[in-house]
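Please read the structure below before turning to the comments.
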Amino acid sequence: MSAVDLTVKLGPLTLKNPVVTASGTFGYGTEFSPFLDLSTLGGIVVKGLSLRPRRGNEPPRIWETPSGMLNAIGLQNVGVDAFLQEKLPALLPFDTAVLANVYGEREEEYVQVCERLDGARGLAGIELNVSCPNTAKGGMEFGVDPMMLERLVAAVRRVTSLPLIVKLSPNVTDIGEPARAAVAGGADILSLVNTFTGMGIDAEGRRPVLKNVVGGLSGPAIKPLALYMVHRVAAAVDVPIMGMGGIMNAVDAVEFLLAGANAVQIGTSNFLNPGGAATMVGDLAEWCSRHRIGEVRELTGGLRT
Amino acid sequence: MSAVDLTVKLGPLTLKNPVVTASGTFGYGTEFSPFLDLSTLGGIVVKGLSLRPRRGNEPPRIWETPSGMLNAIGLQNVGVDAFLQEKLPALLPFDTAVLANVYGEREEEYVQVCERLDGARGLAGIELNVSCPNTAKGGMEFGVDPMMLERLVAAVRRVTSLPLIVKLSPNVTDIGEPARAAVAGGADILSLVNTFTGMGIDAEGRRPVLKNVVGGLSGPAIKPLALYMVHRVAAAVDVPIMGMGGIMNAVDAVEFLLAGANAVQIGTSNFLNPGGAATMVGDLAEWCSRHRIGEVRELTGGLRT
Amino acid sequence: MIFSGTVALLENRDLGHDNFLAVLDAPEVGQSMEPAQFVMVRAGEGTDPLLGRPYSVARIGEGPNGVTIQLIYKVVGRGTGIMAGLRAGAELSVVGPLGQPFPLPEDPQVPVFLVAGGIGIAPFPFLSARLLAAGCHPRLLYGARSSGDLVGRDLFPPGIEMEVATDDGSGGHAGFVTELLDRHLAALDTRTRQRAMAYVCGPTPMMAAADAVLARHESRGHLSLEAFMGCGFGVCLSCVVPLVGQETGYARICVDGPTFPAGSIDWHRSQSP
Amino acid sequence: MIFSGTVALLENRDLGHDNFLAVLDAPEVGQSMEPAQFVMVRAGEGTDPLLGRPYSVARIGEGPNGVTIQLIYKVVGRGTGIMAGLRAGAELSVVGPLGQPFPLPEDPQVPVFLVAGGIGIAPFPFLSARLLAAGCHPRLLYGARSSGDLVGRDLFPPGIEMEVATDDGSGGHAGFVTELLDRHLAALDTRTRQRAMAYVCGPTPMMAAADAVLARHESRGHLSLEAFMGCGFGVCLSCVVPLVGQETGYARICVDGPTFPAGSIDWHRSQSP
Ligand SMILES: Cc1cc2nc3c(=O)[nH]c(=O)nc-3n(C[C@H](O)[C@H](O)[C@H](O)COP(=O)(O)OP(=O)(O)OC[C@H]3O[C@@H](n4cnc5c(N)ncnc54)[C@H](O)[C@@H]3O)c2cc1C
Ligand SMILES: Cc1cc2nc3c(=O)[nH]c(=O)nc-3n(C[C@H](O)[C@H](O)[C@H](O)COP(=O)(O)OP(=O)(O)OC[C@H]3O[C@@H](n4cnc5c(N)ncnc54)[C@H](O)[C@@H]3O)c2cc1C
Ligand SMILES: Cc1cc2nc3c(=O)[nH]c(=O)nc-3n(C[C@H](O)[C@H](O)[C@H](O)COP(=O)(O)O)c2cc1C
Ligand SMILES: Cc1cc2nc3c(=O)[nH]c(=O)nc-3n(C[C@H](O)[C@H](O)[C@H](O)COP(=O)(O)O)c2cc1C
Ligand code: FES
Ligand code: FES
């Protein structure tokens with residue numbers, strides 16, 4: 001087992017292993033200290049940060065669905081300044097790549113948040129959450145319009161030299177298009193998928209189950225859809241990929257690597273199995289050694305079709 | 001219970017109740033005679049028909065996923081002529097609306113199949129499956145390009161006076177667009193959703209699990225996504241809707257009606273609970289009477305938001 | 001560290017009226033548990049249902065490997081339904097202890113009321129044991145729809161005075177349990193009343209009512225709130241509730257609660273749909 | 001009508017080496033069941049796993065409400081794993097009887113071989129009972145990886161001759177069970193050999209090998225094929241297999257099979273990935 005090399009290189013970003021926790025499902029990291037040693041993880045993506053603190057949506061905010069969950073948290077977060085002052089320093093003692101997930105309602109907001117993050121001590125990279133409604137464009141998601149997306153990524157690219165990850169929305173006809181646009185804008189890495197737009201209805205109450213009416217679907221239910229999208233993006237572009245969507249164990253992670261991902265992110269799984277991400281690191285090494293794979297990166301795109 | 005009026009009118013199509021079985025999950029109907037009385041159903045959509053018989057894809061063709069299944073049957077079917085000669089007459093004794101689901105690789109194929117179906121004795125309507133790859137356009141799905149879709153629907157509209165249902169693909173950025181296009185082309189009714197494109201991977205074998213590599217995801221896993229799309233299409237267009245995606249029981253059906261559907265289709269559920277569609281008719285009536293709803297159509301769009 | 005792992009079900013006793021007592025072989029959880037803290041439990045195989053369900057710990061018992069934790073639960077949906085179908089020997093996935101416990105009164109001589117509505121009885125056997133040990137003399141006021149729903153009274157340590165209320169009048173006071181609380185507080189002199197302490201657990205409307213009673217009598221109290229919980233340890237941000245004077249944000253019931261001091265919940269803003 | 005509904009598990013006996021015998025209180029299913037027919041079974045709550053799993057009926061027994069159906073199953077994945085965890089009293093959802101049975105030999109005097117590989121033993125106790133009743137004298141040739149995997153031999157009616165083979169040589173013939181079949185057929189005179197009948201059930205490679213042996217000796221036989229099945233009654237079109245001489249289509253294992261006459265499968269085209 002010790003023989004397996006788990007390190008992965010995603011362009012400018014090197015991770016000690018390919019297991020990264022996903023934004024919005026891992027708090028600001030330290031919430032998980034009672035369950036695992038953060039230093040075992042390849043990386044941590046923190047909760048989406050906006051320019052100012054946000055209180056989020058009114059509850060109910062989540063709903064359980066068959067093998068999945070809908071959420072409409074509304075990006076409740078402490079804001080970028082509190083993150084830099086309080087949350088990021090608390091992660092300095094840990095040997096893991098800390099990635100900031102960034103949210104904006106307008107292009108300028110993304111740029112401003114990234115300007116503040118650029119050069120922050122202990123920050124390994126920035127992930128742009130482009131599944132946000134663009135208030136200047138009538139609420140359309142940044143991530144679904146390739147031109148808008150390329151412009152946004154280029155604008156952010158100008159203000160930061162940190163590794164730049166663009167997290168793609170799956171709510172599109174062909175995910176290859178935003179993938180190419182993000183790369184054209186200057187993305188170093190693509191991560192996918194964010195949640196699928198969905199809705200739950202309470203038949204008894206004849207009401208949407210979420211106060212926000214619509215929410216994002218995550219969890220094992222979406223795994224086949226996410227795997228397909230990773231496979232497709234891997235064929236469409238040449239940059240490294242972080243794959244995610246319903247990963248619950250090391251075998252699921254291997255599937256994403258085989259589909260073309262260089263690393264994976266663990267989301268919903270953290271809620272029900274808070275120590276799970278760390279377990280997966282060990283299990284992945286074990287899986288590799290059992291299959292005589294010396295370097296985990298050999299798995300990437302290793303699908304025999 | 002007997003007091004509940006279950007009839008629904010979808011433009012030119014009147015159904016005795018809103019429970020219809022979905023194409024590809026109910027054979028040619030009579031396969032279910034050992035499990036239920038076909039006359040209890042509001043309608044039956046038969047397996048997708050092409051101009052000539054099709055043998056379908058090589059196996060493996062299906063794969064189970066968390067709360068769902070992937071399929072890549074490849075539209076194995078007897079062809080429209082055998083349907084008219086053998087399958088349709090066998091359904092004449094039953095008091096249910098028989099709907100033919102039509103598949104084509106080119107616009108002309110759709111038109112030719114529909115020409116033959118038009119006026120067939122015992123046929124209540126035609127449903128166009130537009131999630132088919134257009135071989136003339138390099139394999140792009142008919143259903144994802146609004147212009148191509150409108151043209152296709154208009155071409156079919158010219159050759160048949162039967163109630164025309166267009167079944168929308170969910171693999172689009174905004175399902176409102178193909179919905180409007182289908183209506184502009186002359187669709188009487190929209191049905192949605194068809195399956196979501198997905199993929200499964202066998203980590204041990206490092207292979208896609210389906211011979212066809214990609215397949216369509218159906219079942220409870222997609223229910224929240226389908227509900228959202230029905231809700232969205234109901235807001236976008238003014239024609240009646242048949243909603244589907246993961247319906248397993250009468251409460252699920254009520255949710256789709258509340259989201260804006262006038263009738264529902266039952267797909268994957270038929271595989272694991274072959275008598276289930278008939279049970280749902282009774283359960284739906286019971287649900288309505290328990291909630292003092294005299295006419296099931298009151299539920300359509302009855303969501304309090 | 002908080003325990004997260006698999007534990008064995010040692011006993012799953014039917015208490016009647018869809019209520020059960022589950023005994024779990026979970027010494028790592030039980031040893032540091034406090035009253036009103038809870039565990040997240042997943043029962044059954046597969047990913048449907050996906051998320052854990054929160055349960056208070058009703059009792060700490062003796063077990064083959066140290067202490068056991070004992071849960072009283074009522075079957076209301078899928079998760080509880082699956083749990084009710086398990087036999088001794090089944091494995092459950094458990095995370096805990098979680099949440100803020102009920103703080104014990106500083107002065108054991110003050111009147112202490114345990115106000116339970118329905119399955120809100122769950123944390124009180126454990127709390128009672130701790131209160132007795134601290135020299136308090138708690139009185140249980142227990143309300144339910146009907147007398148058959150008044151389960152678990154035999155799980156309390158001896159020496160707890162009990163009064164019951166039922167909506168249908170089939171047992172004890174015919175009416176709400178908060179009316180019993182109101183009466184008891186009203187019977188106290190002002191100074192005693194202001195030092196009295198109530199611990200409340202039950203459905204949300206009952207807790208709002210109890211909170212109003214406590215405010216009217218200027219009595220002290222702690223409420224243990226309910227919410228659908230996605231994680232139970234503060235990261236999914238699903239279980240939020242607005243607090244009085246905190247107009248710009250929310251508390252998380254799972255980590256800031258489930259116990260909150262009486263008077264701290266902004267009931268007006270918290271009404272869910 | 002084919003039964004589709006919920007039945008009770010009466011017994012779930014551990015046969016060792018991950019094999020179990022499940023006894024189901026399913027008189028509606030059992031009364032019209034024939035050997036090699038199967039049932040689709042869903043165990044556990046929720047929609048994950050979603051689809052039923054096919055199991056042959058191994059025996060028809062006596063039960064409280066008429067006949068029971070008895071399944072021998074091996075834990076290989078999620079569905080079988082969940083089933084193994086169930087206790088008597090649990091409810092299972094069952095559809096059946098399904099599929100085409102093994103046809104009995106017209107002449108009871110011909111040599112009859114039952115060729116089982118691993119859990120392919122499942123349909124043979126039931127078939128043996130029917131063969132004995134028809135005056136046949138079947139001989140069971142039973143192969144498995146190791147002698148511990150040779151389960152269920154005590155489920156056969158008395159009077160069945162048995163020979164075993166193990167891959168690791170830990171019991172009986174060291175090698176494949178198809179080698180035993182080959183030997184037996186080779187020992188017969190040509191006319192008897194051509195009238196001999198073999199019933200084969202086991203993993204796909206073993207069935208392809210048996211089919212080749214039967215072809216070589218010009219003996220008759222029926223194979224009971226395996227496939228992942230989405231429905232079990234012919235509508236999902238998942239369980240397809242190409243037949244010899246049927247270049248433009250497929251047979252469905254669930255309704256056209258699971259039993260097929262020897263020589264009818266196009267093994268060349270059927271190789272799955
Ligand atoms: C701190 C705490 C301690 C608790 N202690 C106990 C205890 O000791 N014993 C006990 O019996 N119960 C206790 N509960 C309540 C218990 O957690 C619930 O009864 C349980 O979660 C029900 O699960 P279920 O799967 O059976 O029901 P579900 O199938 O989840 O449904 C039950 C109800 O919840 C609603 N619901 C389902 N999902 C959601 C969602 N995402 N958002 C909003 N509503 C939803 C449903 O509509 C339904 O009305 C406690 C709750 C909390 C917060
Ligand atoms: C007619 C018939 C009769 C049978 N009778 C018996 C019997 O009596 N006793 C018995 O023990 N078994 C019997 N089987 C086999 C039995 O059905 C399987 O072992 C069972 O389905 C396994 O279910 P599982 O959920 O435990 O395994 P799964 O978790 O489903 O996986 C088991 C294996 O199947 C593969 N698999 C899973 N899903 C798919 C898919 N969609 N497509 C292709 N491969 C997949 C997995 O990769 C794995 O290798 C029979 C099969 C047939 C067709
Ligand atoms: C409760 C919740 C909150 C989330 N918040 C964010 C967020 O702030 N920013 C973001 O980019 N993604 C967010 N996500 C999406 C996840 O990071 C991830 O892309 C998605 O959940 C799919 O992965 P999973 O199926 O493993 O959960 C959130 C997901 C959940 C469930
Ligand atoms: C095995 C299978 C075959 C299908 N074949 C067709 C088809 O021929 N034509 C079509 O329009 N839809 C087809 N569908 C899609 C279903 O009709 C339905 O739209 C989809 O499965 C979603 O509903 P469900 O979740 O209830 O199954 C098929 C679905 C499955 C699972
Ligand atoms: S339950 Fe997840 S934050 Fe409280
Ligand atoms: S299993 Fe569905 S057609 Fe055979």
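Worth saying up front: this structure is predicted, and the values here are computed from it rather than measured. Just so it is clear: chains get the letters A, B, ... in the order the sequence lines come, proteins before strands, and each one is counted from 1.
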Task: Other residues, nucleotides, ligands: >12 heavy atoms within 6.0 Å of D:Arg145 CZ - done: no
Open item on the list: If the condition is side chain to side chain donor-acceptor pair (under 3.5 Å), which residues does D:Asp25 pass it with, not counting sequence neighbours?
Closed with: D:Asn65
- [ ] Considering non-hydrogen atoms only, spot the tightest contact between B:Gly275 and D:Ser4 and give its length.
- [x] N-OG, 4.5 Å
TODO: Heavy-atom distances under 4.5 Å only: say whether D:Val240 touches chain B with side chain, backbone, both or neither.
DONE: both
Task: Top contributor to chain D contacts, counting heavy-atom pairs under 4.5 Å, from B:Asn57, B:Thr268, B:Asn273, B:Ile62 - done: B:Ile62
TODO: Locate the shortest heavy-atom distance separating B:Pro59 from D:Tyr250; write the atom from each residue and the value.
DONE: CD-OH, 3.8 Å
Open item on the list: Can you give me the closest heavy-atom contact between B:Asn270 and D:Phe233, atom names plus distance?
Closed with: O-CZ, 3.4 Å
Open item on the list: At a heavy-atom distance under 4.5 Å, which candidate from D:Gly234, D:Gly52, D:Gly5, D:Pro49 has the highest pair count against chain B?
Closed with: D:Pro49
Task: Neighbours of chain D found in residues 28-47 of chain B - heavy atoms under 4.5 Å - done: B:Glu31, B:Phe32, B:Ser33, B:Pro34, B:Phe35, B:Leu36, B:Lys47
Task: Residues of residues 27-48 of chain D contacting chain B, heavy-atom criterion under 4.5 Å, by residue number - done: D:Arg42, D:Thr47, D:Asp48
Task: Residue part contacting chain D, namely of B:Pro274, when any heavy atom lies under 4.5 Å - done: both
Task: Atom of B:Met248, atom of D:Leu50 and distance for their closest heavy-atom approach - done: CE-CD1, 3.9 Å
Task: D:Val235 versus B:Thr25, closest heavy-atom pair with distance - done: CG2-O, 4.2 Å
- [ ] With a 4.5 Å heavy-atom cut-off (strictly below), which parts of residues 63-73 of chain B touch chain D? List them by number.
- [x] B:Glu64, B:Thr65, B:Pro66, B:Ser67, B:Gly68, B:Met69, B:Ile73
